[in-house]
Amino acid sequence: MEAADALASAPRRSAGRRLAGLFHGHGGLQAGALLSGPLAWLVILYLGSLAVMLVAAFWSVSPLSGELVKSLSLDNFKTLVDEPVYRTIAGRTIAIASLVTLTDAVLAFPIAFYMAKVASRRTTAVLVVAVLMPLWASYLVKVYAWRQMLSTDGVINWVLNPLGAHGPGYGNTAVWLVMSYLWLPYMVIPIFAGLERIPNSLLSASEDLGASPWTTFRRVILPLAFPAVVAGSIFTFSLTLGDYITPQLVSNNQFIGNVVYNNVTGGTNLPLGSAFAVVPIVVMILYLLVARRLGAFEHL
Amino acid sequence: MAWICVTGLIAALAVVGCGGGGTSTSTSAELQSVGKGEGELDLVNWPGYVEPQWSKPFEQQTGCQVKSKDAGTSDEMIQLMRTGQYDGVSASGNASARLVDGGDVAPVNVDLVPNYKTIFSDLKDQPYNTFDGTHYGIPHGRGANLLMWNTNDVSPGPKSWSIILDPKQAAQYKGKISVYDDPIYIADAAVYLKAHQPDLGIDNPYELNNDQFNAAVDLLKQQRPNVGEYWSDAAKQIQAYTNGDDQVGATWQYQYFALKGDNQPVAVSPVSQGFVPDEGATGWSDTWMISSSAAHPNCMYKWMDYITSPQANAEVAQYFGEAPAQSKACDASTLSAAAKVIGYPADTKFCDKYHAAVPSFWKRVYYWNTPVSDCGNGSSDCKDYNDWVQAWTGIKG
């Protein structure tokens, strides 16, 4: 009835009011208007470009003119399997991503636990800011700072040399260190949120029933917080998997991203670059499937 | 469709749903006359090619505000030019042919560039700036890639590339060798092999058949464990030499002068060798090219004439450390005046040191070129740039 009233008095209203009237009472139209922008973004720009990339992976490059040949073939994937260097690079990327994830989980858990269960409200707030603060600084500045610190005359060697030791220099170890530093906040925050959700009464109950602190941690806290750790690991793992600037600045070793970059910026072999880019996508899909089984999505 | 447009508008995303984006007009024909400047000029250039000392006077003369973007590799330059957002580029020979093939650059009417007349004749009508008799740019300058070392760590100074390419010698500097991170570096190995393994029969280091190519790639794979750092960003290499991470390697004049200016103990092959090690060297001969979708073509023509004018060309050549393309840049008075502007000591022998007017010298400098399957001798079994890129991935591992 209200809609009918609105329509009846429509001629005297401005265009804006009429438009508002059109939407009134039409739930589907409302939702459509609200979501069409984000959906267009998601489908056309986000999934669309992904689809183009996947299709390009099956194209090839004409050896004579260097132009794209848009006929489907599996040659690029064959190259990736046949040439051992691509396996080495994929293996290295996945191994370092796993190592970074493990390191961040080990480092982040005590920090998050302290923030969620031990510290006062005020201290927690300060710590949350402290954890997030590095994210305010430019990624490049942070990596260049590490590059300086890790150099032969850098501060790490300056501290270690008098003790008869020397720093790792540039290489895989440096990549692992820098990545673990860069992505730590992405692990701390989900674990903190997960731990905060555990009611303190559960911990008291465990204690009342005679469990030692270690047993409480092992049998109550860890199982409840584990999905949050997995949620954090999605970030640390995927961010490491996709990075190509850090490996370039603190090592000579190529990541999947470097090979993709070289093939695409060279303007020479977009299809091979696209094909190699499928590897991290597949790895991430598998990772997310496992993460879902472990209940990580309830903690994102 | 109308529904999508209406809702799209409401969602403030009119562009996606309703289109209406402008299409840029591309003019691939030569300009017939240079008109008034458009007030802006967007350039892609090698580091050190567009500096305020000579770009500011250009802005005052023409009203074209210069916005320059440094690129570290030819691949990066091509990528930037393909965005269509730049008016011109200082392309080396390993980019120019690809830019012309891709339709990214337009022919240049050299009659509209008065300073073109007095450019050294051995730089004109070359395969990297003239295609099928059509000019595609104005020569800027040329030089050889350098062998640079830290004099505290490497003594006596090496005369040959073998210090970084001979596996035994390179092993002495394990982890301290610095190499250019670009597939085109394979040509440096080919130049070395041309001198040290004549039985391979290498003539042009950019036209390599299967055996020659594999030999060069194998040499670089042996070099790999000794390499401290692959660089493609000049600033990164300067930092690495300053911090003691690099002791010897391949570099450009730009980094050498920057380190010298910072009083770092570095040296390159001496003037007596023409700055070039025994085997010769790879090098470049750069060309200013105009984008086929240039938004400011008049400003770009003004720039191509300005940067090859005696004074400006003498400034950029001395600043960067390369042989100028403009013959009149070598006049003693012009060189001195230019040196004063950029704050360098006057050096009236500059052009002699860099062999600017000695065509025979440049026979030992192999300008960067795009490798293609056509070997230039009738056979077409040479490795093309695609193969070079793949091999480079394999070398770095």
Side-chain angles (χ1 to χ4, degrees), chain A residues 19 22-23 29-41 43-45 60-67 79 83-86 88-89 92 144 147-154 157 169-171 248-254 258-269 272-273 276, chain B residues 3-4 6-17 73-76 78-82 95 98-99 101-102 104 175-176 179 181-183 224 227-233 235-236 239-240 242-246 370 372-374 380 384-390 392-397:
Chain A
L19 198 60
L22 184 69
F23 281 102
L29 210 55
Q30 285 174 3
L34 196 65
L35 289 177
S36 64
L39 269 181
W41 175 270
V43 173
I44 299 173
L45 295 178
S60 56
V61 170
S62 152
L64 278 176
S65 64
E67 276 166 21
T79 309
E83 297 281 334
V85 66
Y86 296 108
T88 312
I89 293 168
R92 172 190 301 135
Y144 262 104
R147 187 178 149 75
Q148 283 279 18
M149 295 193 318
L150 289 162
S151 73
T152 308
D153 295 347
N157 278 338
Y170 300 144
Q248 211 172 15
L249 285 177
V250 297
S251 86
N252 275 330
N253 299 323
Q254 300 178 99
N258 299 97
V259 177
V260 173
Y261 178 86
N262 289 339
N263 275 295
V264 175
T265 54
T268 52
N269 210 335
L272 186 68
F276 208 21
Chain B
W3 182 82
I4 292 175
V6 169
T7 51
L9 271 168
I10 295 163
L13 241 162
V15 191
V16 177
T73 63
S74 287
D75 289 348
E76 207 180 324
I78 292 171
Q79 199 64 22
L80 287 166
M81 286 308 286
R82 294 212 164 134
R98 278 187 279 161
L99 287 167
D101 279 352
D104 305 302
K176 299 291 181 188
V179 166
D181 188 1
D182 190 309
R224 173 68 179 85
V227 172
E229 187 150 78
Y230 290 95
W231 64 273
S232 61
D233 171 1
K236 183 176 153 183
Q239 194 198 27
T242 310
N243 291 340
D245 293 321
D246 291 346
T370 309
V372 290
S373 49
D374 179 1
S380 60
D384 65 16
Y385 190 58
N386 209 352
D387 297 321
W388 286 50
V389 174
Q390 301 320 319
W392 189 244
T393 302
I395 289 164
K396 285 178 69 189

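In what follows, chains are A, B, ... by sequence order, proteins preceding strands, each numbered from 1.
Contact annotation for A:Leu35: neither backbone nor side-chain heavy atoms come within less than 4.5 Å of a heavy atom of chain B. For chain B, no part of A:Thr88 is nearby; none of its heavy atoms comes within less than 4.5 Å. Heavy atoms closer than 4.5 Å to chain A are found in the side chain of B:Ser232, but not in its backbone. Contact of B:Asp233 with chain A is made through the side chain alone, with heavy-atom distances under 4.5 Å.
For the residue pair B:Gly397 and A:Gln254, the shortest heavy atom distance occurs at O-NE2, 3.1 Å.
Evaluation of the salt bridge (Lys or Arg N to Asp or Glu O under 4.0 Å) rule for B:Lys236 yields no partner, not counting sequence neighbours. The salt bridge (Lys or Arg N to Asp or Glu O under 4.0 Å) search around B:Asp104 returns B:Arg82, not counting sequence neighbours.
Side-chain N/O atoms of B:Tyr385 and B:Asp75 include a donor and acceptor closer than 3.5 Å.
Counting heavy-atom pairs closer than 4.5 Å to chain B, the top-ranked of the candidates A:Gln148, A:Glu83, A:Arg92 is A:Gln148. Among A:Asn258, A:Thr79, A:Asn252, A:Thr152, the residue with the largest count of heavy-atom pairs under 4.5 Å with chain B is A:Asn252.
Here the side chains of B:Lys396 and B:Asp181 are in contact, with some heavy-atom distance below 4.5 Å.
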